[in-house]
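Remarks on the structure that follows.
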Amino acid sequence: MLTEAVRECAFVDSELDHQFGDRTAIASERLRCHLKECDQCRRLYRWLLEAPVNTNPSPDPYRPDLYRNIQDILKSSARPVRALPSFGILAVQFWAVFLLFAAMAVAMTGVAGLRQMDLTRMFGMGIILLLGTALLSLSLIWQMIPGSLHRYPVKTILLVLGAGFLLGNASLFRWHAPEAFLARGWYCLGTGFLMSGAAAFVFWVFARRGATLGIGAMGATLGACAGLVSVTVLQLACSHQDLGHLLVWHGAVLIGSIISGLGFAHALRRYGRC
Amino acid sequence: MVRYQRGEVAAIEELVQRLSPRLLRFLSFSGVSVVEAEDLLQDCWLRIHRSRHTYRTPEPVLPWVFAIARHTRLDGYRRGRRRMFREVLVANPPERRADRPVENSAGGEEVLGLLGRLPESQREVILMLKVAGMSLEEVARATSSSVGAIKQKAHRAYAGLRRMLEKKEQ
């Protein structure tokens, strides 16, 4: 009996979902029967859907001139603005920035790594890096535009990116006995972070055209974009294509960039104007 | 909104007049004082004004506005907490609270009062559904979340409110 009552209450929840999706939807017979029997559901349902909301323009108990003051402030700086371009154009612009930066960096560092890779590795890593970039571009543009429907949360995107990088490297590259592991690693780490810093600035210039609301998520995403472009360049430029080197040093560039972005955003929120 | 982006003064007046009551209601439901709620509303409108170029025509206005309002509220809460740790209160002047119930229907005040006991993320969803009159998808847009996550939060909130109503009865 109790289980049935709980099931019926859960049915009210799904009916509420339906009615919040379509405010003109009519309550079903089953719902009306349950509302007659269950006092809590009846009160909840009535309050959520039937009780009027006070949206009276009179701002009692607030200052009577509150809205007027706001209007005056906004009117004093009212001038035409150009709306952001469409999602597709923003995505193309992001890819252009990403590829241009990567191409310039590769022109400086060379393509020694590309010569070391066979076709399978080239194709596999290419797919992983392209998918990662596509996911990050979506996330960045969603964050730039308030009210966008985020189909994948930022945390999920970053986790997928990290897992893809880890699994892709683990399945495509083999482990060799480390040779000058630290010396070669430091070089890649230093170069990677240097590129990452510059890339983060470029992506920040791109992202600031929008309105950043969640500064922490934006910091982590910008860090991930910068880290990914650095990893892409390192993948093409670094001649040490063994699993240990790629996971530890190239992986550190990616993860370090995300953490740095997050930390920078946190510091900005704590001590800056944000 | 498009007229607002074009810089039309009449559009500003209309938008402020139409959206402010809902925004004020949403911003004030965190136990803030009347003065703080007024400051939050002003701050929210300044942010809306600065970000007005990010609104695009076919998209719904409410999620865009409430996404900004939500962050204004969160930042206000963070600022309040920081201030609380830094400042030493020498006196506690009696302050008017902003979150007094205003529903007129029977039982409305009661449920509204219980809403304050829900976790912030659930309360926010219910406030947007109820006060702003938004759909589940619009709430998902405003909270940078998915529709599934919003449904889950709403269901938890309903269950919580039912439990509280039941306890109150007993």
Side-chain angles (χ1 to χ4, degrees), chain A residues 9-10 12-13 16-17 20-23 39-41 43-44 46-48 50-59 61-63 66-67 69-71 73-75 77-84 86-87 142-154 209-211 213-214 217 269 274, chain B residues 5-9 12-13 16-17 20-22 24-25 34 37-38 41-42 45-46 49-57 59-60 63-64 67-68 71 96 98 102-105 107-108 110-112 129-131 133 135-137 140-142 144-146 151 154-155 158 161-162 165-166 169:
Chain A
C9 292
V12 176
D13 294 356
L16 282 168
D17 287 345
F20 278 127
D22 175 15
R23 300 264 174 177
D39 185 46
Q40 280 96 40
C41 284
R43 280 149 77 187
L44 186 68
R46 280 191 181 159
W47 180 73
L48 281 168
E50 290 170 7
V53 181
N54 187 358
T55 51
N56 188 344
S58 149
Y62 304 95
R63 283 197 327 256
L66 178 62
Y67 299 166
N69 286 352
I70 293 169
Q71 286 165 343
I73 293 167
L74 302 188
K75 276 192 256 177
S77 59
R79 57 182 168 75
V81 288
R82 205 170 63 180
L84 270 185
S86 70
F87 192 94
W142 285 334
Q143 288 175 61
M144 284 166 66
I145 304 165
S148 297
L149 188 60
H150 293 226
R151 295 189 191 275
Y152 314 105
V154 181
R209 295 158 67 208
L213 297 176
R269 187 168 59 201
C274 297
Chain B
Q5 284 179 327
R6 283 191 208 128
E8 286 182 28
V9 170
I12 294 176
E13 283 178 1
V16 172
Q17 205 65 34
S20 289
R22 286 180 189 192
L24 201 50
R25 194 94 174 80
V34 168
E38 288 172 351
L41 183 71
Q42 284 202 5
W45 273 110
L46 287 176
H49 192 63
R50 278 197 297 265
S51 315
R52 65 194 187 278
H53 66 287
T54 61
Y55 172 76
R56 285 161 324 145
T57 332
E59 302 292 329
W64 181 83
I68 297 170
H71 278 88
R96 289 174 299 157
V102 286
E103 250 79 6
N104 300 323
S105 70
E110 186 186 18
V111 185
L112 196 71
L129 288 171
K130 168 73 182 162
V131 176
S135 69
L136 288 167
E137 194 195 310
R141 281 171 176 272
S144 311
S145 188
S146 64
K151 275 187 187 176
H155 287 196
Y158 303 150
L161 286 170
R162 274 195 203 97
L165 283 169
E166 200 175 350
E169 257 176 31

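A note on names: the letters A, B, ... follow the listed sequences, proteins ahead of strands, and every chain is numbered from 1. Not measured: the values here are computed from a predicted model.
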Side chain proximity check, A:L48 to B:L161, heavy atoms < 4.5 angstrom: no
Heavy-atom donor-acceptor pair, B:H49 side chain to A:S77 backbone, under 3.5 Å: yes
Nearest non-hydrogen partners of B:L136 and A:D17, listed with the distance: CD1-O, 3.4 Å
Chain B contact via A:R82 - which portion, at a heavy-atom distance below 4.5 Å: backbone
Pick from B:E59, B:R52, B:R162, B:E137 with the largest number of heavy-atom pairs that fall under 4.5 Å of chain A: B:R162
Worked check of side chain to side chain contact (heavy atoms under 4.5 Å, CB included) between A:L16 and B:L129: CA-CA 10 Å; A:L16 282 168; B:L129 288 171; over 6 Å; no
Flag side-chain contact, heavy atom, 4.5 Å: A:V12 against B:Y158: no
Chain B contacts, top residue of A:L149, A:L213, A:I145 (heavy-atom pairs, under 4.5 Å): A:L213
Test item: B:H53 side-chain N/O and A:R209 main-chain N/O as donor-acceptor pair under 3.5 Å: yes
Smallest separation among heavy atoms of B:H71 and A:G214, with atom names: NE2-N, 3.5 Å
Chain A interface, residue from B:S20, B:P60, B:S145, B:A154 that has the most non-hydrogen pairs under 4.5 Å: B:S20
Close side-chain approach of A:K75 to B:E13, heavy-atom, < 4.5 Å: yes
Pick from B:R6, B:Q42, B:E8, B:R56 with the largest number of heavy-atom pairs that fall under 4.5 Å of chain A: B:R56
Beyond-backbone contact of B:S144 with A:Q143, side-chain heavy atoms, under 4.5 angstrom: no
Contact summary for B:T54 and A:A211, nearest pair of heavy atoms: CG2-N, 3.5 Å
Side-chain heavy atoms of B:E38 within contact of A:N69, under 4.5 Å: no
Over all atoms of both residues, closest heavy-atom pair of B:A67 and A:G147: CB-N, 3.6 Å
Stepwise side chain to side chain contact (heavy atoms under 4.5 Å, CB included) test for A:V81 and B:Y55: CA-CA 11 Å; A:V81 288; B:Y55 172 76; over 6 Å; no
Approximate separation, where rounding is to 0.5 Å, of B:L41 CG and A:L66 CG: 5.5 Å
Region of A:F87 in contact with chain B, defined by heavy-atom distances below 4.5 Å: both
